[in-house]
K.L.:
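First the structure, which I've put down as structure tokens, then a few questions once you've had a look.
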Amino acid sequence: QVQLKESGGGWVQAGGSLRLSCAASGLTFSTYAMGWFRQAPGKEREFVSAISPSGLSTYYSDSVKGRFSISRENGKNTVYLQMNILKPEDTAVYYCSANRGTARSRGANEYDYWGQGTQVTVSS
């Protein structure tokens, strides 16, 4: 059974930083592209970032490029999202996801497995 478990969410003031982690089990982690998505109240789930199975290729949405950084440790079955210079508009539930295809995928329906999400709240 595949499980993805996010941690590291919380409350932070604008301009601050948070680091999200996602621990995966039940899958051959090093063969999956991993992604982060987020969903704010009343909005659709949106792509944030993705990383290839090797970790050599990374992708970001325009809204987070230059502020967020995705990385992974295949030996620990864990993917991270370092979030810097946070803005109130970054407030959302952040979800970790796994994709047997390509890290270039940005559609939520292209991802095979999902975590339960972790809340990130940025106050102004």
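Excluded from the calculations below are hydrogen atoms, water molecules and symmetry mates; all remaining heavy atoms, backbone and side chain alike, are included.
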K.L.:
For Ser49 and Tyr59, what are the C-alpha separation, side-chain angles and deciding distance, and is it a side-chain contact (heavy atoms from CB on, under 4.5 Å)?
P.N.:
CA-CA 5 Å; Ser49 182; Tyr59 305 87; 5.8 Å; no
K.L.:
Rounded to the nearest 0.5 Å, how far apart are CD1 of Ile85 and CZ of Arg67?
P.N.:
7.0 Å
K.L.:
Taking all heavy atoms of Pro88 and all of Ser124, pick out the closest pair and write down the distance.
P.N.:
CG-CB, 3.8 Å
K.L.:
Look at the side chain of Ser105 and the backbone N and O of Ala103, then say whether any donor-acceptor pair between them is shorter than 3.5 Å.
P.N.:
no
K.L.:
With Phe47, which residues qualify under ring-ring contact (aromatic ring centres under 6.0 Å, His included), at least two apart?
P.N.:
Phe37
K.L.:
Going by heavy atoms in the side chains, are Ser21 and Glu6 under 4.5 Å from each other?
P.N.:
no
K.L.:
If the condition is side-chain contact (heavy atoms from CB on, under 4.5 Å), which residues does Ser54 pass it with, not counting sequence neighbours?
P.N.:
Ser52, Leu56
K.L.:
So which heavy atom on Ala33 is nearest to which on Pro53, and how close?
P.N.:
N-CG, 3.7 Å
K.L.:
What's the verdict on side-chain contact (heavy atoms from CB on, under 4.5 Å) for Arg45 and Val93, showing C-alpha distance, side-chain angles and the deciding distance?
P.N.:
CA-CA 9 Å; Arg45 192 169 297 191; Val93 177; over 6 Å; no
K.L.:
side-chain contact (heavy atoms from CB on, under 4.5 Å) with Glu46: which residues, sequence neighbours excluded?
P.N.:
Arg38
K.L.:
Within the structure provided, determine whether Tyr111 and Arg106 are in side-chain contact (heavy-atom separation under 4.5 Å).
P.N.:
no
K.L.:
Identify whether the distance between the nearest side-chain nitrogen and carboxylate oxygen of Asp90 and Lys87 falls below 4.0 Å.
P.N.:
no
K.L.:
May I ask you to list the residues sharing a hydrophobic cluster with Ile51, side-chain cutoff 4.5 Å, ordered by chain and number?
P.N.:
Val2, Leu4, Val12, Leu18, Leu20, Leu27, Phe29, Tyr32, Met34, Trp36, Val48, Tyr60, Val64, Phe68, Ile70, Val79, Leu81, Met83, Leu86, Tyr94, Tyr113, Val120, Val122
K.L.:
Please identify each residue that fulfils side-chain contact (heavy atoms from CB on, under 4.5 Å) with Thr31, with sequence neighbours left out.
P.N.:
Thr28
K.L.:
Using the test ring-ring contact (aromatic ring centres under 6.0 Å, His included), find all partners of Tyr95 that sit at least two apart in sequence or belong to another chain.
P.N.:
none
K.L.:
For the backbone of Lys43 and the side chain of Gln39, can you confirm whether one donor and one acceptor N or O come within less than 3.5 Å of each other?
P.N.:
yes
K.L.:
Any side-chain to backbone donor/acceptor pair from Thr102 onto Arg104? Under 3.5 Å, distance only.
P.N.:
yes
K.L.:
Would you say the side chain of Tyr80 lies within less than 4.5 Å of the side chain of Arg72, judging by non-hydrogen atoms?
P.N.:
no
K.L.:
Mark yes or no for whether Thr91, through its side chain, and Thr121, through its backbone, hold a donor-acceptor pair below 3.5 Å.
P.N.:
no
